[in-house]
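Reviewing the structure listed below.
Predicted, not measured: the structure shown is a model, and the values here were computed from it. Just so you know, residue 1 is the first one in the sequence shown, and it goes up from there.
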Amino acid sequence: MVKSIRTGIWRFDERGRVRCLALLGSVGLHLLVLAGLVTLYPRIEPSSATSSGVVMAEFVLLEDADGDGGRVQDAESVAEQPEPMSGHAEDALAASLPVDAGAENELPNASEPSQDHTLTRLRQLPRPRDPPQPNEPLPQQLPQPQLVTWAHDLPQSNEQPLRHAPLPSLREADLVAAVAAPLPDFSNFREPEIAPLDVGEHQMFDDMVAEWSSDVEAISAEPLSWEHEGRTYSARISRNEAGDNMGMDQMIVEVSTERDGRRWSTQMRMQRLAFSSFAQFVDRWDPNVQIHDDVIDGRFHSNSEVFISRSGGVQPTFHGKVTTARRVNTSNSERFVRREEVFLGGLETRVKRIRLPQQFVALDEIDDVPGERVHRFAADAQISFHDDGSFSWAYLKGEMSGHRVRLSDEPHYLLGDRGVSLRVSGVVNGKVLVYAPNDIVIGDDLLYAGDPRLDPDSDDFIGLVADRNVAVAEPRITGPGDVTVHAAILAKRRFLVRNYSSRRAGTLHVFGSVAAGSLSATEPRFRTRLEFDPRLGDARPPGFPVTDRYEVVEWGGAWTEELPGGAG
């Protein structure tokens, strides 16, 4: 039996009947193989309307060269995720095959020359392919053996077939790991107790903190031990140096003792003070100068006697804590000075002195700074800062002028050579230290580009450090009216206002800090308003000098029970 796929014409003869039986047997075998394949692939429902799969069925009819009949190669699905087809679906697929007339495409019969019809390995066909249209003719003159393929888009699931899922491990280690660990026993869990310090212990800690803070160099890594009221105390102190020239050194102090058969401990964090940590610091108070019509917002310290004056309805106001190594003198005041009205942040007298350093700027720290961030001036110069993050400078005498340098995000150091004085003004956008071995003169307003009172993220800092004086220039340079300075100031000899006896011009407003060996009078030219920059509590301008004193910045002021084994 021979069937032309395109003509659909059947011709029976004796041999045809044999061929028909052989073909039916081959088709049956084909269906059995296809059914076996279907049972091996799980049915997967499409997960979405947009996903699709491709099922390809290949039907190849090959006839033996010896004329004993054709053989039908098993159909094989090459889709990544095939959808099983029932027998009815296969019949529908076979019925949909296009039919085209023409005897030239008939399969060869036994009388034609024999050909090698070795079974051909099915090739992976490119996908996706569009299905044939009903009226679309098949290509002519297909090479032998004839191969006709149709592709149909079917929904495809996003899920992986079960045959790709890993089987659970039966290894002993995996089985043991899969067993849940036993829950911890919380039956003995409790929070550690907190106990307050008694009065005697508070005084003891005050004395110990004063000793630790003033004799830092004598502190070693070995634990300290002492007796107080029949009880033994031990302390371990660790020192943490600042990470850069703007940071502050710190100490962690852990104190422990035994009471009622239990172990108790407390921990405090101490931080080194810089001279910029004070709103105002004075080493030697000038007895001819009295604090009269002034407002100081921040910590105040003096190593000597402080003179306070009240006249009429005018008196000074200290909003921060006031400490002095001596006492407060009000003998020249016209009216009685009420302590609670003047020292709003508290007053402590007879405290230990804070020594001024012999060398104000630690030049050895600057030695490690790259040269492009260190600028030296060989003669007296005027330095003007600009809000675009640059500064310009010119020598006050000579032909060199008009130089402009841009600041980077890193600290910069502007240093005068021996005997040099520097004049400063403008808007600072960066981190700068200005140092002069002679004087620094403030010629006009000196402001931060980002005012920290309006912009908490401002990182603008400037420190003015002079081995002699830091002065506010005379009225002919500053002009009439107020003068505002944003800076941390340190003058080894004196902070002064030139021509302070001239008629009142306004207010000298300093936002930052002022530390000096001594102070000049500011009145009647200026009424002084000193406001501490709170950022200076945890940082300092680059290379700004530090004191020999530490203070407690974090402490709960109570004992915490130490539980055995760290429980709780």
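- Remark: F495 pairs with no residue by the ring pair (Phe, Tyr, Trp, His ring centres under 6.0 Å) rule, at least two apart or across chains.
- By the 4.5 Å heavy-atom criterion applied to side chains, L273 and F278 are counted as neighbours.
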Donor-acceptor pairs are to be reported for all side-chain atoms of residues 337-345 against protein atoms at under 3.5 Å, with residues two or more places apart or in another chain.
| residue | atom | partner | partner atom | Å |
| --- | --- | --- | --- | --- |
| R339 | NH2 | L347 | O | 2.9 |

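- Inter-residue side-chain proximity for F461 and F544 is flagged as unmet; no heavy-atom pair is nearer than 4.5 Å.
- The side-chain contact (heavy atoms from CB on, under 4.5 Å) test with L530 is passed by exactly one of H509, H319, Q280: Q280.
- Side-chain contact of D439 with S421: a donor-acceptor pair under 3.5 Å is absent, judged by distance alone.
- Sorted by first and then second residue, the pairs that involve residues 553-564 and meet salt bridge (charged side-chain N to carboxylate O under 4.0 Å, His left out), not counting sequence neighbours, are R190-E561, R262-E561, R269-E554.
- Rounding to the nearest 0.5 Å places CE of M248 at 7.5 Å from CG of D538.
- Listed here is the closest heavy atom pair of A279 and D297: CB-O, 4.0 Å.
- Within the 3.5 Å criterion, the main-chain N or O of D294 finds no donor-acceptor partner in the side chain of E523.
- In this structure, CZ on R310 lies 10.0 Å from NE2 on H292, to the nearest 0.5 angstrom.
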Side chain to side chain contact (heavy atoms under 4.5 Å, CB included) between E254 and S238: does it pass, once the steps are laid out? CA-CA 9 Å; E254 298 180 75; S238 58; 5.6 Å; no

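- When only modelled atom types and interatomic distance are considered, S256 and R263 share a side-chain donor-acceptor pair under 3.5 Å.
- Within a 6.0 Å sphere centred on OH of Y500, heavy atoms belonging to other residues, nucleotides or ligands number 12 at most.
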Check step by step if salt bridge (Lys or Arg N to Asp or Glu O under 4.0 Å) holds for D388 and R404. CA-CA 12 Å; D388 64 353; R404 190 157 182 163; 3.1 Å; yes

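- The closest side-chain heavy-atom distance from R535 to S458 is below 4.5 Å.
- By the 4.5 Å heavy-atom criterion applied to side chains, R423 and I477 are counted as neighbours.
- Shown here are the side-chain hydrogen bond (donor to acceptor under 3.5 Å, both in side chains) partners of T478, two or more places apart in sequence or in another chain: R525.
- A heavy-atom distance below 4.5 Å is found between the side chains of R527 and V295.
- Screening residues 441-451 for side-chain hydrogen bond (donor to acceptor under 3.5 Å, both in side chains), with sequence neighbours left out, gives D451-R453.
- Using modelled atom types, no side-chain atom of N240 and backbone atom of M251 make a donor-acceptor pair closer than 3.5 Å.
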Side chain to side chain contact (heavy atoms under 4.5 Å, CB included) for M268 and V209? Distances and angles first, verdict last. CA-CA 10 Å; M268 62 181 67; V209 167; 3.9 Å; yes

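- With sequence neighbours left out, the ring pair (Phe, Tyr, Trp, His ring centres under 6.0 Å) criterion links F377 to W393.
- Note on residues 246-276: pairs passing ring pair (Phe, Tyr, Trp, His ring centres under 6.0 Å), not counting sequence neighbours, are F275-F281.
- Annotation for F532 and L536: closest pair CZ-CB, 3.8 Å, computed over non-hydrogen atoms.
- Applying the ring pair (Phe, Tyr, Trp, His ring centres under 6.0 Å) criterion to H375, with sequence neighbours excluded, gives F391, H412.
- Salt bridge status for D467 with K492: absent, with no side-chain N to carboxylate O gap under 4.0 Å.
- Interatomic distance, CG of L490 versus CG of L356, reported as 7.0 Å (0.5 Å rounding).
- The closest donor-acceptor contact from the side chain of R326 to the backbone of V306 lies at 3.5 Å or more, if one exists at all.
- Here the closest heavy-atom approach between residue T266 and residue A558 is recorded as OG1-O, 3.0 Å.
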V253 and M270: CA distance, side-chain angles, deciding distance, side chain to side chain contact (heavy atoms under 4.5 Å, CB included) verdict: CA-CA 8 Å; V253 182; M270 302 179 67; 3.9 Å; yes

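- To the nearest 0.5 angstrom, R284 atom CZ is 10.5 Å from L519 atom CG.
- Residues forming a side-chain hydrogen bond (donor to acceptor under 3.5 Å, both in side chains) with Q290 (at least two apart in sequence, or on another chain): none.
- Among residues two or more places apart in sequence or in another chain, the side-chain hydrogen bond (donor to acceptor under 3.5 Å, both in side chains) test is passed with R259 by none.
- Residues that satisfy the side-chain hydrogen bond (donor to acceptor under 3.5 Å, both in side chains) test with N303, not counting sequence neighbours, are D283, H301.
- The salt bridge (charged side-chain N to carboxylate O under 4.0 Å, His left out) search around D286 returns R494, not counting sequence neighbours.
- Checking S276 against S513 by side-chain atom types alone, no donor-acceptor pair falls below 3.5 Å.
- Interatomic distance, L224 CG to Y233 OH, rounded to the nearest 0.5 Å: 15.0 Å.
- Under a 4.0 Å N-O distance rule, the pair D249/R239 does not qualify as a salt bridge.
- Scanning all heavy atoms of the two residues, the minimum distance from S304 to W285 falls at OG-N, 2.7 Å.
- Considering only heavy atoms from C-beta on, F300 stays 4.5 Å or farther from T324 through its side chain.
- A donor-acceptor pair is defined here as one N or O able to donate and one able to accept, closer than 3.5 Å; no such pair exists between the side chain of R327 and the backbone of T349.
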Would F318 and I308 count as a side chain to side chain contact (heavy atoms under 4.5 Å, CB included) if you check the C-alpha gap in whole Å, the side-chain angles of each, and the deciding distance to 0.1 Å? CA-CA 11 Å; F318 296 86; I308 301 295; 3.9 Å; yes

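- Of all non-hydrogen atoms in V420 and A436, the two that sit nearest each other are O-CB, 3.6 Å.
- Side-chain contact check for L414 versus F385: some heavy-atom pair is nearer than 4.5 Å.
- Of the possible polar contacts, none joining the K431 side chain to the P541 backbone as a donor-acceptor pair under 3.5 Å is found.
- The shortest distance between side-chain heavy atoms of V427 and N429 does not fall below 4.5 Å.
- Using a distance-only test at 3.5 Å, with no hydrogens or angles considered, a donor-acceptor pair links the side chain of E201 to the main chain of D198.
- A pairwise comparison of heavy atoms in S502 and N499 identifies OG-O, 2.9 Å as the closest pair.
- Considering CH2 of W559 and OG1 of T257, their distance stands at 5.5 Å, rounded to 0.5 Å.
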